[in-house]
Amino acid sequence: RKEVEQDPGPFNVPEGATVAFNCTYSNSASQSFFWYRQDCRKEPKLLMSVYSSGNEDGRFTAQLNRASQYISLLIRDSKLSDSATYLCVVNSHNQAGTALIFGKGTTLSVSS
Amino acid sequence: EPEVTQTPSHQVTQMGQEVILRCVPISNHLYFYWYRQILGQKVEFLVSFYNNEISEKSEIFDDQFSVERPDGSNFTLKIRSTKLEDSAMYFCASTTGGALFGQETQYFGPGTRLLVL
């Protein structure tokens, strides 16, 4: 069974804090990895793709460990607007048009 | 920026009734998807569609479900005889399908919230 597991949280942090989310996936055929963000009752929106070498986009850093089937997201200098649910997502298999497998999400609440 | 659109935003129906959820994918995209999210649960894949046929479907997508691209712009999900457990948010998504290794971004529509009574 293909699963993505995440700590559901919630993570309650003050503005300016650094927070890290972790995720594990069970499908060894997955080759593409993503973090999506979902605001309450809204659609998932791509935050960033995750590459083998790790990648950074502003305050956000994603890491991938294929051997451990582990993905992480680090958010530095948290803003109030970062409050959302962060979804760890992997593809089902390695071809165009493949299904995405979602984790249940980790909820982040940033307070002033 | 191009967007995936979905109608209606909300639909309330009686158990056993048929519903059709509509989506307009981004115009140059080739792959289309339906996902659902039951309240408080994870987003789940239902079906993908390419070149006018289903390319992949999950175990959720049983004979009660069907998809269609009736014209050049719309992509629909039909549920023939709704059950209480079909109550969920249904998201349509689309991609260009051109990237290697399925790395392309799937763009999601705002969803249709279906409530079956």
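Computed from a predicted structure; not experimentally measured. Protein chains get the first letters and strands the later ones, always in sequence-line order, with residue 1 at the start of each. Reckoned from all heavy atoms, side chains included, excluding hydrogens, waters and symmetry mates.
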Is it the case that more than 12 heavy atoms not belonging to [X] sit under 6.0 Å from its [atom1] atom?
X	atom1	value
A:Lys45	NZ	no
B:Asn28	CG	yes
B:Glu18	CD	yes

Do [X] and [Y] share a hydrophobic cluster, counting only Ile, Leu, Val, Met, Phe, Trp and Tyr and linking them when any side-chain heavy atoms are less than 4.5 Å apart?
X	Y	value
B:Leu114	B:Phe91	no
A:Tyr70	A:Val90	no
A:Leu46	B:Tyr33	yes
A:Val89	B:Tyr31	yes
B:Leu46	B:Ile54	yes

- Item | Best-contacting candidate, B:Tyr107, B:Phe32, B:Phe45, against chain A by heavy atom pairs under 4.5 angstrom |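 Of the options given, most contacts go to B:Phe45.
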With chain A, which of B:Glu44, B:Met89, B:Gln6, B:Arg113 has the greatest number of heavy-atom pairs at distances under 4.5 Å?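 Ranked by heavy-atom pairs under 4.5 Å with chain A, first place is B:Arg113.
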Looking at A:Glu5 and B:Lys42, is there a salt bridge between them, counting it only when a charged N and a carboxylate O are closer than 4.0 Å?
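Salt bridge absent between B:Lys42 and A:Glu5.
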task = Measure A:Thr85 against the heavy atoms of chain B and call it side chain, backbone, both or neither at under 4.5 Å.
result =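 The answer is neither part of A:Thr85.
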Contacting region of B:Phe108 [heavy-atom separation from chain A under 4.5 Å]: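 Both backbone and side chain.
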Where along residues 101-112 of chain A does a heavy atom come under 4.5 Å of chain B, listed by residue number?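 Residues in range: A:Phe102, A:Gly103, A:Lys104.
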How far apart are the closest heavy atoms of B:Gly109 and A:Glu43, and which atoms are they?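 Looking at all heavy atoms of both residues, the shortest contact is O-CB, 2.9 Å.
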Is the shortest heavy-atom distance from the side chain of A:Lys42 to the side chain of B:Pro110 under 4.5 Å?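 Side chain of A:Lys42 against side chain of B:Pro110, heavy atoms only: no contact under 4.5 Å found.
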Would the distance check show the side chain of B:Gln106 and the main-chain N or O of A:Thr98 forming a donor-acceptor pair, the cut-off being under 3.5 Å?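 Side chain of B:Gln106 to backbone of A:Thr98, a donor-acceptor pair under 3.5 Å: yes, one is there.
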For the backbone of A:Leu100 and the side chain of B:Tyr35, can you confirm whether one donor and one acceptor N or O come within less than 3.5 Å of each other?
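Indeed, once roles are kept as given, a pair shorter than 3.5 Å links the two residues.
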| message | Return the CG to CZ distance between B:Leu39 and A:Arg41, rounded to the nearest 0.5 Å. | response |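 Output value for this atom pair is 6.0 Å.
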